[in-house]
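See below for the structure under consideration.
For the numbers below, each heavy atom of this structure counts, side chains included, while hydrogens, waters and symmetry mates do not. Numbered from 1 within each chain, the chains take letters A, B, ... in sequence-line order. Model, not experiment: these values are computed from the prediction.
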Number of protein chains: 2
Amino acid sequence: MSVQERKQRERAERERLIVATARELAEQQGWDAVTTRRLAERIEYSQPVLYSHFRGKREIIGAVALQGAAEMAVAMRAAASGADGPRARVAALARAYLDFAERNPAVYDALFQLDGGLAFAQEDTPEPLKDAFAALLESLSEVTGDGVEPGLFTETFWAALHGLATLTRAGRLPPEDAGPRVELLVGRLAVV
Amino acid sequence: MSVQERKQRERAERERLIVATARELAEQQGWDAVTTRRLAERIEYSQPVLYSHFRGKREIIGAVALQGAAEMAVAMRAAASGADGPRARVAALARAYLDFAERNPAVYDALFQLDGGLAFAQEDTPEPLKDAFAALLESLSEVTGDGVEPGLFTETFWAALHGLATLTRAGRLPPEDAGPRVELLVGRLAVV
DNA sequence: ATTCGACCCTAGCACCGCTAGACAACCGAG
DNA sequence: CTCGGTTGTCTAGCGGTGCTAGGGTCGAAT
């Protein structure tokens, strides 16, 4: 049995390598540069090996997205716990969100921009995604205000942050006033 | 001279045909289906003809985007002029924006999601883009509130709408509560 | 009528995601 | 210890992509 176990371990290790390499390549040169050929070459296997781990490129993107969601949840909770009071917490959360998007553009794209074949906002949504949303909700439910469902508020707040993140990075918004825009958003949306 | 003029006219007409066909194909089957081969076949010319009008696929996307920006500006002003009072005007504007994004997904993508090679938020930004932004600013500057620059407010409001539009269409947000989310956003961001 | 230039098409390049089928290496049974 | 069979990997190739070089045709101007 130990032989099979070793093989399984090696297989899992190689799968991690694939995901890590895809992510690295995407962060370095963008997702367009992540081709199955290049990816295969970097992990020093032939292309078909990729398809023994994933159905296709889409699933690889999905795997990177899940990894990113877990990291994002951690980052959100860290930012929230480092601030005093609901208002400051939400401000810190918003800044941390945009910071994450800016520092990990490829991961952010895998999560929210590209098709990774993942289900969102449903029962069969993968746990990391649900948890990342929960991390936002934890802080945002403190400033939701009366008569509004916290889930709905979180969705709206998140969408606003997402808009800022994507439009800024796509060059649609000038990067200079990023700070004031976040302040404005938090100041108006959060009810203290 | 009249021969040259006729040729120029025919050339311009064909260029319009290319853009219209690209847009149509994109709305019907998505931008992935807009390949130079398919596009060439539909306009009943060979591929290289496309390249005598545009540098490449990117520029075709850009042309569709410019067309869309002009239409969007018209739609925004129409929605604004049909409502009484600043608050109702902004609500109508927001609904019209999301409606435009939902009804013309391919055009919306060309504008804000894909790379059409256009400059945004700069001096050399094409006029239609500037004007679409101006159309938003006209209504939003009425509800900006004190101590906030209307341009900054418009950018923030727009980003929030963009987030709602893209996340909803990408299946990241459940479509059911789209209405309440817009209400919440307008209610909190707009200062009456 | 002839030359010349503008125009368009055929054919092809390098790349893409993905897969069929050949081959080698290794495991377990006799 | 040998031998079948399974498991795993690779080479090669399919149909597609954006884009372009080069040849040929056709009409305008001399």
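Without hydrogens or angle criteria, B/Glu155 side chain to A/Leu173 main chain gives no donor-acceptor distance under 3.5 Å.
Atom CH2 in A/Trp31 sits roughly 16 Å away from atom C1' in C/dC16 (whole-Å rounding). Remark: P of C/dC16 and CD of A/Gln29 are 11 Å apart, rounded to the nearest angstrom. Atom NE2 of B/His53 is separated from atom C1' of C/dA6 by 13 Å (rounded to the nearest Å). Following rounding to the nearest Å, A/Tyr51 (OH) and D/dC10 (P) show an atom-to-atom distance of 15 Å. Taking atom CD on A/Glu10 and atom P on C/dC26, their separation rounds to 11 Å, with Å as the unit.
Of the residues in residues 54-64 of chain A, those placing a heavy atom less than 4.0 Å from an atom of DNA chain C are A/Gly56, A/Lys57, in numerical order. Residues of residues 14-24 of chain B that place a heavy atom closer than 4.0 Å to DNA chain D do not occur. Near-neighbour residues of DNA chain D inside residues 33-48 of chain B, defined by a heavy atom below 4.0 Å, number-ordered: B/Val34, B/Thr35, B/Thr36, B/Arg37, B/Arg38, B/Gln47, B/Pro48.
Salt-bridge annotation for B/Arg23 and B/Glu71: present, with a side-chain N of the basic residue lying under 4.0 Å from a carboxylate O of the acidic one. In summary, A/Arg169 and A/Glu102 do not engage in a salt bridge, as defined by a charged side-chain N under 4.0 Å from a carboxylate O. Contact check on B/Arg38 versus B/Glu41 returns no salt bridge, with no Lys/Arg side-chain nitrogen under 4.0 Å from an Asp/Glu carboxylate oxygen.
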Taking distance alone, no hydrogens or angles, what donor-acceptor pairs closer than 3.5 Å link side-chain atoms of residues 76-88 of chain A to residues at least two apart or in another chain?
| from | atom 1 | to | atom 2 | distance (Å) |
| --- | --- | --- | --- | --- |
| A/Arg77 | NE | A/Glu138 | OE1 | 3.0 |
| A/Arg77 | NE | A/Glu138 | OE2 | 3.3 |
| A/Arg77 | NH1 | A/Asp131 | OD2 | 3.1 |
| A/Arg77 | NH2 | A/Asp131 | OD1 | 3.0 |
| A/Arg77 | NH2 | A/Glu138 | OE2 | 2.8 |
| A/Ser81 | OG | A/Arg77 | O | 3.3 |
| A/Ser81 | OG | A/Ala78 | O | 3.1 |

In residues 156-163 of chain B, what donor-acceptor pairs under 3.5 Å come from side-chain atoms, sequence neighbours left out?
| from | atom 1 | to | atom 2 | distance (Å) |
| --- | --- | --- | --- | --- |
| B/Thr156 | OG1 | B/Leu152 | O | 2.9 |
| B/Trp158 | NE1 | B/Tyr97 | OH | 2.9 |
| B/His162 | ND1 | B/Tyr108 | OH | 2.7 |

*Run the side-chain contact (heavy atoms from CB on, under 4.5 Å) check on A/Val143 and A/Phe153 step by step: do they pass?*
CA-CA 9 Å; A/Val143 297; A/Phe153 180 75; 3.9 Å; yes

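Listed by first and then second residue, the side chain to side chain donor-acceptor pair (under 3.5 Å) pairs involving residues 139-150 of chain B are B/Arg89-B/Glu142 (not counting sequence neighbours).
B/Ala65 and B/Leu111 make their closest contact through O-CD2, 3.5 Å (heavy atoms, listed as atom of the first residue, atom of the second, distance).
Atom CD of A/Gln47 sits about 7.5 Å away from atom OG1 of A/Thr35, to the nearest 0.5 Å.
Of the candidates D/dC10, D/dT20, C/dG17, D/dC10 carries the atom nearest the A/Val49 side chain, counting heavy atoms from C-beta on.
B/Gln113 places a side-chain heavy atom less than 4.5 Å from the side chain of A/Gln113.
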